[in-house]
Engineer: 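Here you go, one structure.
Letters go in sequence order (proteins before strands), and every chain restarts at 1.
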Amino acid sequence: MDKNNADAGHETTVHWFRKGMRLHDNPAFRLSYEAKNGSGKHYELKPIYILDPYFRKYIRAGANRWRFLQQSLVDLDITLRQLGTRLYVIRGLPHEVFPDLFVKWNVKLLTFELDTEPYARERDNQVEQLARKHGVKVEQKVSHTIYNTELVLRANGGSVPMTYQKFVSVVGSMPAPRRPIPAPDMLPSECLIDDDLNNPEFDVPTLDELLTLKGFNPTELKPCLYPGGEKEALRRLEEYMKNKTWVCKFEKPNTSPNSLKPSTTVLSPYMKFGCLSASHFFYRLKEVIGNSPHSKPPVSLIGQLYWREFYYTVGASTPNFDKMVGNSICCQVPWDNNPEALEAWTNGKTGYPFIDAIMRQLRDEGWIHHLARHAVACFLTRGDLWISWEKGLAVFEELLLDADWSMNAGNWMWLSASAFFHQFFRVYSPVAFGKKTDKSGDYIRKYIPELAKYPDQYIYEPWSAPKSIQERAGCVVGVHYPKRVVVHEDVYKNNITKMSLAYKSTKAGKSSNSKKSRDMSSSPDKKNIKKPKLK
DNA sequence: GTGTCAGTTGGCAGA
DNA sequence: ATCTGCCAACTGACA
């Protein structure tokens, strides 16, 4: 140990990685290695990740996402070691481990990326209080989103932009967003005095260790199609940026939900974990497009980034954004409690091959196309099963690599016509929709091998095949593949009527509520509480 | 208040 | 193949 530094007390700056698992465009991380004490000396740098061993209770994540996280941690550790430091993985809960770390490491500064999700805010507020108690300065930086959601609100006169178009026009009126900052080539040498570079206490857990800890069986994992980490994120980004024509012509609704290879970039998991910076992605797109003719929001690639910003902005300022009750923007719908149908949907056993193939791809691979999400979400909620979008949200949160709190809730409300989207009479057909882009059902054959031998004519509707054909294909409906859980053409019209009633009742609830709050102006806090149901 | 218009991605029949 | 109108009719933004 270096005596002088020990005498100086090894003043430390801690950068806390949570999301934002990258070194490129990481302003909070830069603060931590550039910061100096009163005598102009850099602090020693400790980049940490806190791995909560009880996480499973709080975060509903499946094995695929734990794998993605583990790979991202390994990648981060490698990159940090190339810079002369390492990633310190701390086991425990943030509010439990920080007081000890503050003392043990003589921490003077704690930096991390701002997180707008409610559970993260609560966690971070708690940590900030602990830091204050220990005389540790805390710095948070906005870098998970392109725009600071607070500034978007301010630019919109203090209120939330409630439509996508409104959002686009608001950010269009704002100054150009922050430019991404490059990853450091090297770190100040004073940051690198360290005794713990080889201390296994702080090692990234192996995949087996992590999965076992979380109660999963590592041998049940399917092959990894989307490895986590910043390097893979940047590689994948550049792979797509090479094709300028494709970038300029990109229109989301024209991409296929059921191609065998993804028809879109699959950068969403990297965005979710912050392996890829949204700002970097944004300015790379601007660069590639240059002055060429190109598609525009909402359908363009930049338009896709705006959708993310939009849901982050609304999500950050709407109480109970991920719930129906107590959510002021959400239509109040009397969804059914139907555990059997939910179970069938969750496990890809609804008897509708297109729906089941999507749900099986989701479970196996952790990613499905955006329009495939539309199809299964509409089916679960307003289209067919009449089950709450909150149930679907929970399944997506477990199985999607890119499960993102704001976008998951926002999109589920959209698809169930509970908020943002209101044309509930437009219902996806679980049979017809997939045929548009995959007439012969290759996608179904891949994910539902028991149906592989069905003729094209019946692959989307195996129940309509004559018994002899079912037998010849080696898959009898009701024996080897489930019967339809509902008859779409019977239920969807009834569901439209029920949606219409739910809209009327929600509207009535809202007006009676605003009337009430006018009458009882002394208790305005009642405004967002559950509305009474009016018949 | 009232009217008009647009809204990332519906399905279907008929031309 | 692509376009049209129809189905029955939603909301938020804006004038």
Engineer: Ring centroid separation for Tyr226(A) and Phe68(A), is it under 6.0 angstrom?
Structural biologist: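 Distance test on ring centres: not under 6.0 Å, no.
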Engineer: In residues 278-306 of chain A, what residues come within less than 4.0 Å of DNA chain C, judged by heavy atoms?
Structural biologist: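 Of all residues in residues 278-306 of chain A, none places a heavy atom under 4.0 Å from DNA chain C.
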Engineer: Of Val171(A), Val170(A), Thr313(A), which is the lone residue that meets side-chain contact (heavy atoms from CB on, under 4.5 Å) with Asn156(A)?
Structural biologist: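 Of the listed residues Val171(A), Val170(A), Thr313(A), the side-chain contact (heavy atoms from CB on, under 4.5 Å) partner of Asn156(A) is Val170(A).
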Engineer: I'd like to know whether CD of Glu150(A) has more than 12 heavy-atom contacts from other residues, nucleotides or ligands below 6.0 angstrom.
Structural biologist: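 No.
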Engineer: Considering only the P atoms, how many Å lie between dT4(C) and dA6(B), rounded to the nearest integer?
Structural biologist: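 Rounded to whole Å, the distance is 15 Å.
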Engineer: Among Ile459(A), Ile448(A), Asp438(A), find the residue that satisfies the side-chain contact (heavy atoms from CB on, under 4.5 Å) test when tested with Tyr443(A).
Structural biologist: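 For Tyr443(A), the side-chain contact (heavy atoms from CB on, under 4.5 Å) test succeeds with only one of Ile459(A), Ile448(A), Asp438(A), which is Asp438(A).
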Engineer: Do Trp246(A) and Leu301(A) make a side-chain contact, defined as non-hydrogen atoms from C-beta onward lying under 4.5 Å apart?
Structural biologist: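 Touching, per the 4.5 Å side-chain cut-off.
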Engineer: Please give the distance between the P atoms of dC14(C) and dT8(B) as a whole number of Å.
Structural biologist: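 That atom pair is separated by 14 Å.
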Engineer: For the pair made of CH2 in Trp414(A) and P in dG12(C), what is the distance, rounded to whole Å?
Structural biologist: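 Between P of dG12(C) and CH2 of Trp414(A): 13 Å.
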Engineer: For Ser277(A), is there any backbone N or O sitting under 3.5 Å from a side-chain donor or acceptor partner on His24(A)?
Structural biologist: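 Between the backbone of Ser277(A) and the side chain of His24(A) there is a qualifying donor-acceptor contact (under 3.5 Å).
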Engineer: Compute the ring centroids of Trp463(A) and Tyr458(A), then answer whether they are less than 6.0 Å apart.
Structural biologist: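 Judged by ring-centre distance (under 6.0 Å), Trp463(A) and Tyr458(A) do not meet the cut-off.
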Engineer: Within the 4.0 Å heavy-atom criterion, would you say Lys436(A) contacts the bases, only the backbone, or no part of the nucleic acid?
Structural biologist: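 It contacts sugar-phosphate atoms only.
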Engineer: Name the nucleic acid region contacted by Phe420(A), choosing base, sugar-phosphate or nothing; use a 4.0 angstrom heavy-atom cut-off, strictly under.
Structural biologist: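 Phe420(A): no heavy atom of the nucleic acid under 4.0 Å.
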Engineer: Please list, by residue number, the residues of residues 250-258 of chain A whose heavy atoms come closer than 4.0 Å to an atom of DNA chain B; answer none if no residue qualifies.
Structural biologist: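 Those residues whose heavy atoms fall under 4.0 Å from DNA chain B, taken from residues 250-258 of chain A in numerical order, are Lys252(A), Pro253(A).
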Engineer: Specify the separation, in whole Å, of atom OH of Tyr503(A) and atom P of dT11(C).
Structural biologist: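 Going from Tyr503(A) (OH) to dT11(C) (P), I get 7 Å.
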Engineer: Just checking, is any N or O donor in the side chain of Arg308(A) or His144(A) under 3.5 Å from an acceptor N or O on the other one?
Structural biologist: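 The criterion, which ignores hydrogens and geometry beyond distance, is satisfied for His144(A) and Arg308(A).
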Engineer: Within the structure provided, determine whether Tyr306(A) and Tyr311(A) are in side-chain contact (heavy-atom separation under 4.5 Å).
Structural biologist: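 Heavy-atom side-chain distance check fails, nothing below 4.5 Å.
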Engineer: Dump the intermediate steps for ring-ring contact (aromatic ring centres under 6.0 Å, His included) on Phe379(A) and His488(A), then the final yes or no.
Structural biologist: CA-CA 9 Å; Phe379(A) 187 87; His488(A) 174 73; 7.4 Å; no
Engineer: Is a donor from one side chain sitting under 3.5 angstrom from an acceptor on the other, for Tyr312(A) and Asp404(A)?
Structural biologist: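 Short answer, yes.
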Engineer: May I ask you to list the residues of residues 367-381 of chain A, by number, that have any heavy atom positioned under 4.0 Å from an atom of DNA chain B?
Structural biologist: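 Output list: His370(A), Leu371(A), His374(A).
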Engineer: What is the per-nucleotide protein-contact pattern of nucleotides 1-8 of chain C, from the 5' end, where B denotes a base atom under 4.0 Å from a protein heavy atom, S denotes such proximity for sugar-phosphate atoms only, and - denotes neither?
Structural biologist: --------
Engineer: If you write DNA chain B from 5' to 3' in dot-bracket form, with Watson-Crick or G-U pairs under 3.5 Å, [ ] for crossing pairs and | for pairs with another strand, what do you get?
Structural biologist: .||||||..||||||
Engineer: Rounded to whole angstrom, note down the P distance from dG14(B) over to dA8(C).
Structural biologist: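 16 Å, rounded to whole Å.
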Engineer: Can you confirm whether Gln140(A) sits close enough to Asp115(A) that some side-chain heavy atom of one is under 4.5 Å from a side-chain heavy atom of the other?
Structural biologist: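 In short, these two side chains do not touch, never coming nearer than 4.5 Å.
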Engineer: Indicate the ring-plane relationship of Tyr147(A) and Phe167(A), choosing parallel, tilted or perpendicular according to the 30° and 60° boundaries.
Structural biologist: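 Because their plane-to-plane angle is over 60°, the rings of Tyr147(A) and Phe167(A) count as perpendicular.
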Engineer: Taking the side chain as everything from C-beta on, heavy atoms only, tell me whether Trp389(A) gets closer than 4.5 Å to Cys330(A).
Structural biologist: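 Yes - at least one pair of side-chain heavy atoms lies under 4.5 Å apart.
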Engineer: Between dG5(C) and dC5(B), how far apart are the two P atoms, rounded to whole Å?
Structural biologist: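 The answer is 15 Å between these two P atoms.
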Engineer: Does the side chain of Asn338(A) pick up a donor-acceptor pair with the side chain of Trp386(A) at under 3.5 Å?
Structural biologist: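 Absent: no donor and acceptor within the cut-off.
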Engineer: Using a distance-only test with no angle check, is there a side-chain donor-acceptor pair under 3.5 angstrom linking Tyr164(A) and Glu309(A)?
Structural biologist: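 Their side chains do not contain a donor-acceptor pair, so the 3.5 Å distance test is not met.
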Engineer: Is it the case that the side chain of Ser263(A) and the backbone of Ser256(A) share a donor-acceptor pair, with hydrogens and angles ignored and the cut-off at 3.5 Å?
Structural biologist: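 Side chain of Ser263(A) to backbone of Ser256(A), a donor-acceptor pair under 3.5 Å: yes, one is there.
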Engineer: Please determine, by modelled atom types, if Thr350(A) and Asp356(A) share a side-chain donor-acceptor pair under 3.5 angstrom.
Structural biologist: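 The answer is yes; a qualifying pair exists.
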Engineer: Classify the side-chain pair Ser500(A)/Lys504(A) by whether it contains a donor and acceptor separated by less than 3.5 Å.
Structural biologist: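 Distance-only check passes for Ser500(A) and Lys504(A).
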Engineer: Given atom CZ of Arg426(A) and atom P of dC10(C), what is their separation to the nearest angstrom?
Structural biologist: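 After rounding, the gap between these two atoms is 14 Å.
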Engineer: Given the P atoms of dA9(C) and dG7(B), what is the spacing between them in whole Å?
Structural biologist: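 Their P atoms lie roughly 23 Å apart.
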Engineer: Need two values: the first and the last nucleotide of DNA chain B, 5' to 3', having an atom under 4.0 Å from any heavy-atom of chain A.
Structural biologist: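 From 5' to 3', the first and last contacting nucleotides are dG7(B) to dC12(B).
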Engineer: Looking across every strand, which nucleic acid part, if any, lies under 4.0 Å from Lys507(A) by heavy atom: base, sugar-phosphate, or nothing?
Structural biologist: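 Since only primed, P, OP1 and OP2 atoms lie under 4.0 Å of Lys507(A), the category is sugar-phosphate.
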